[in-house]
Amino acid sequence: MLKGKSIIELTDVRTNKKEVYEEENLITNAVPDLLRLNPMGLMYPIGESRITEYDKEIFPIAKKCYGGILLFEDKLLEDPDKIFAPSDNQIIGFASNDVNQTDALKRGSANLTETTQLENGHKFVWDFSTSQANGRILSLALTHYRGGKYFYGDTHGKDPFILLNRTYFYNNRELSDSFNGCVEMDLENNSLVSIWPIDEKSIELIKLKVPFTSIGLDDSINGKANYTEEKIIIDVSEFFSQCYEWYETCFYDGEDGYWYGFGTKREKLVRIKINKDDYSTKTDVWSLNSIRLPTLGRYNKKTSSYCHRYSYCCIKNGYLYVIGQYSTDKVYKININNPVDISIIELGKKVDISRYSGEYNYLYNWGDYILGFDFAIDKNDQVIVKDDPSYDGKLPKYLMTEVKTIGPLAIGFGGYEEKFYKLLYLHTPYLGTINNLSSPILKTADKTMKITYTLTEEE
């Protein structure tokens, strides 16, 4: 079993006085699950190409899977299965397995001289200058080295995921629609629900079995499982008639017993609420006064050769988040059941929506955050915007659905032109260890900080 220990040294640069803190920690299931889980068989190298070089991104385990560190303002829940920090626990600092060459105020550097392999484990050493990671620190955690570069995003970039594998099935529009219209994934029951607009009057709701965690004897890794699926046609003509175009809409799981659809027409937001039990619907048209929203989503018509689904908004905790149409320096937050409850999240500058082809999710949930091309929003609607002019960010390429997390992994579906993709990601800013401090440490601008973290293998 692994055992972890940390030593934190604060040195006052004026007096050279040192403060030393020593703590032991809990090893979580993040890395063991990364090496154990195999959702839909996607951990096997069976994709169209070697998407990720596992020997560079996962191995050796010490340098890659535990190669980063995260510092938090408050304590973390000491549960080996709670492997992601809530976004309202402020990140104070982070570092990776390299030397930080930027002026990022939260990111420290690996001490490459003192970091070394031990006889029965590994010793990690990180240094933080007087300007880095200032604030109250009450917990720390080892993480993937990529998670230690930017966490979920800082002013220089973001790197919260690695695409581990991508399998494809070619030229099957029915198959693509069944998966890429996904609004709900149930990993426990190995099932999926998808919605796809058919025409100006109806949507197709599909329920099918998917071998997320249990692969059957005859299941295909590339295509769909060999199970009977349920197809239901629902009349939504009232909803579509109120929208600009019936195919310029979006559908999501409200996680409250309903699926929701949204469309726009001038200064109006059109909403449909679909009961999960009896499929009854309710359509509302809400006036937003002077607020004009952009197209919220788009589905390729069934007559098209390609299955493309674009999402320009997302739902989180009962609110619809969408970037302004004419002012991309704002995100509107609208209660999906109360149109009076609207707030504006100021981004501080106009942001890019997208930059590359093959990007379909322009605003999406990732862990406890909402991510855009060059910004992140936490659960308290605090914003981090990238301001490095050399930043060349990315959206999850080819992904058309929300992802579902299983351990440190995340599953999604998408495609490009005639291809349908099953996508497997590594959610990189996981908590590989949890180290709660006995008392808070205050790192200030007159102190440097050195963290020595050892992981040892013991009987």
Side-chain angles (χ1 to χ4, degrees), residues 1-8 21-37 39 61 65-95 106 124 126 133 135-148 150-154 160-161 187-188 213 255 316-318 365-371 376-382 384 402-411 425-443 449 451 453-456:
M1 62 177 293
L2 289 179
K3 185 175 182 180
K5 180 181 179 181
S6 67
I7 302 175
I8 303 173
Y21 306 86
E22 296 189 28
E23 300 284 350
E24 294 188 351
N25 66 213
L26 175 146
I27 307 296
T28 74
N29 291 327
V31 176
D33 280 351
L34 168 60
L35 303 174
R36 176 183 64 86
L37 295 173
I61 293 171
C65 295
Y66 292 111
I69 191 167
L70 307 172
L71 314 175
F72 296 98
E73 183 178 50
D74 294 317
K75 287 190 175 185
L76 297 162
L77 181 62
E78 292 187 353
D79 182 338
D81 291 322
K82 300 297 183 183
I83 61 172
F84 300 108
S87 65
D88 56 358
N89 190 351
Q90 185 178 351
I91 185 75
I92 301 299
F94 42 84
K106 293 187 177 183
F124 308 87
W126 289 278
R136 186 183 83 154
I137 300 170
L138 200 46
S139 63
L140 53 154
L142 295 184
T143 188
H144 192 272
Y145 86 97
R146 295 267 287 264
Y150 309 108
F151 192 48
Y152 284 92
D154 70 359
F161 56 83
L187 301 187
E188 184 176 344
T213 59
E255 299 182 348
K316 193 173 191 71
N317 298 327
N365 288 288
W366 198 270
D368 209 24
Y369 290 78
I370 291 175
L371 301 183
I377 302 173
D378 70 15
K379 68 188 302 181
N380 293 325
D381 297 334
Q382 299 301 303
I384 303 169
E402 293 277 6
V403 298
K404 188 73 171 181
T405 297
I406 174 170
L409 304 173
I411 305 165
Y425 299 89
L426 174 62
H427 190 144
T428 55
Y430 55 70
L431 306 176
T433 64
I434 294 175
N435 191 335
N436 287 321
L437 306 182
S438 302
S439 58
I441 292 174
L442 185 61
K443 166 72 167 65
M449 180 168 60
I451 299 177
Y453 210 120
T454 58
L455 278 182
T456 54

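In this chain, numbering begins with 1 at the start of the sequence shown.
Side-chain contact between I92 and Q90: present, with at least one pair of heavy atoms (C-beta onward) separated by less than 4.5 Å. Residues L140 and L437 are in side-chain contact: their nearest non-hydrogen atoms beyond the backbone lie under 4.5 Å apart.
The minimum heavy-atom distance between G147 and L70, with the atom names listed, is O-CD2, 3.9 Å. The minimum heavy-atom distance linking L455 with G4 is given by the pair CD2-CA, 3.9 Å. Taking each heavy atom of P429 and P160 in turn, the nearest pair found is CD-O, 3.5 Å. When all heavy atoms are compared, the tightest approach of T428 to T143 is O-OG1, 3.0 Å. When every heavy atom of P408 is checked against every heavy atom of L37, the shortest pair comes out as CD-CD1, 4.5 Å.
With sequence neighbours left out, the side chain to side chain contact (heavy atoms under 4.5 Å, CB included) criterion links D74 to N89, R136. With sequence neighbours excluded, the residues forming a side chain to side chain donor-acceptor pair (under 3.5 Å) with S87 are D368, listed by chain and number. Qualifying side chain to side chain donor-acceptor pair (under 3.5 Å) partners for E255, counting only residues two or more places apart in sequence or in other chains: none. Y150 is linked by a ring-ring contact (aromatic ring centres under 6.0 Å, His included) to nothing, counting only residues two or more places apart in sequence or in another chain. For L35, the side chain to side chain contact (heavy atoms under 4.5 Å, CB included) test picks out V31, I58, F59, I61, with sequence neighbours left out. Scanning for ring-ring contact (aromatic ring centres under 6.0 Å, His included) contacts around Y430 gives an empty result, with sequence neighbours left out. With sequence neighbours excluded, the residues satisfying side chain to side chain contact (heavy atoms under 4.5 Å, CB included) with I377 are V331, I345, I370, F375, D381, V383. For F124, the ring-ring contact (aromatic ring centres under 6.0 Å, His included) partners at least two apart in sequence or on another chain are H122, W126. The side chain to side chain donor-acceptor pair (under 3.5 Å) check on Y369 picks up nothing, with sequence neighbours excluded. Applying the ring-ring contact (aromatic ring centres under 6.0 Å, His included) rule to F84 yields the partners H427; only residues at least two apart in sequence or on another chain are considered. The side chain to side chain donor-acceptor pair (under 3.5 Å) test applied to T433 returns Y453, not counting sequence neighbours.
At least one donor-acceptor pair closer than 3.5 Å links the side chain of D378 to the backbone N or O of N380.
Residue K316 places its NZ atom among more than 12 non-hydrogen atoms of other residues, nucleotides or ligands, all under 6.0 Å distant.
Judged by distance alone, the side chains of E402 and N365 do bring a donor and an acceptor atom under 3.5 Å apart.
In this structure, OG1 in T28 is found 10.0 Å from CG in L2, a value given to the nearest 0.5 Å.
A salt bridge (charged side-chain N to carboxylate O under 4.0 Å, His left out) check over residues 25-35, counting only residues at least two apart or in different chains, returns the pairs D33-R36.
In summary, of the residues considered (I434, N436, I137, L431), a side-chain contact (heavy atoms from CB on, under 4.5 Å) with F72 occurs for L431 alone.
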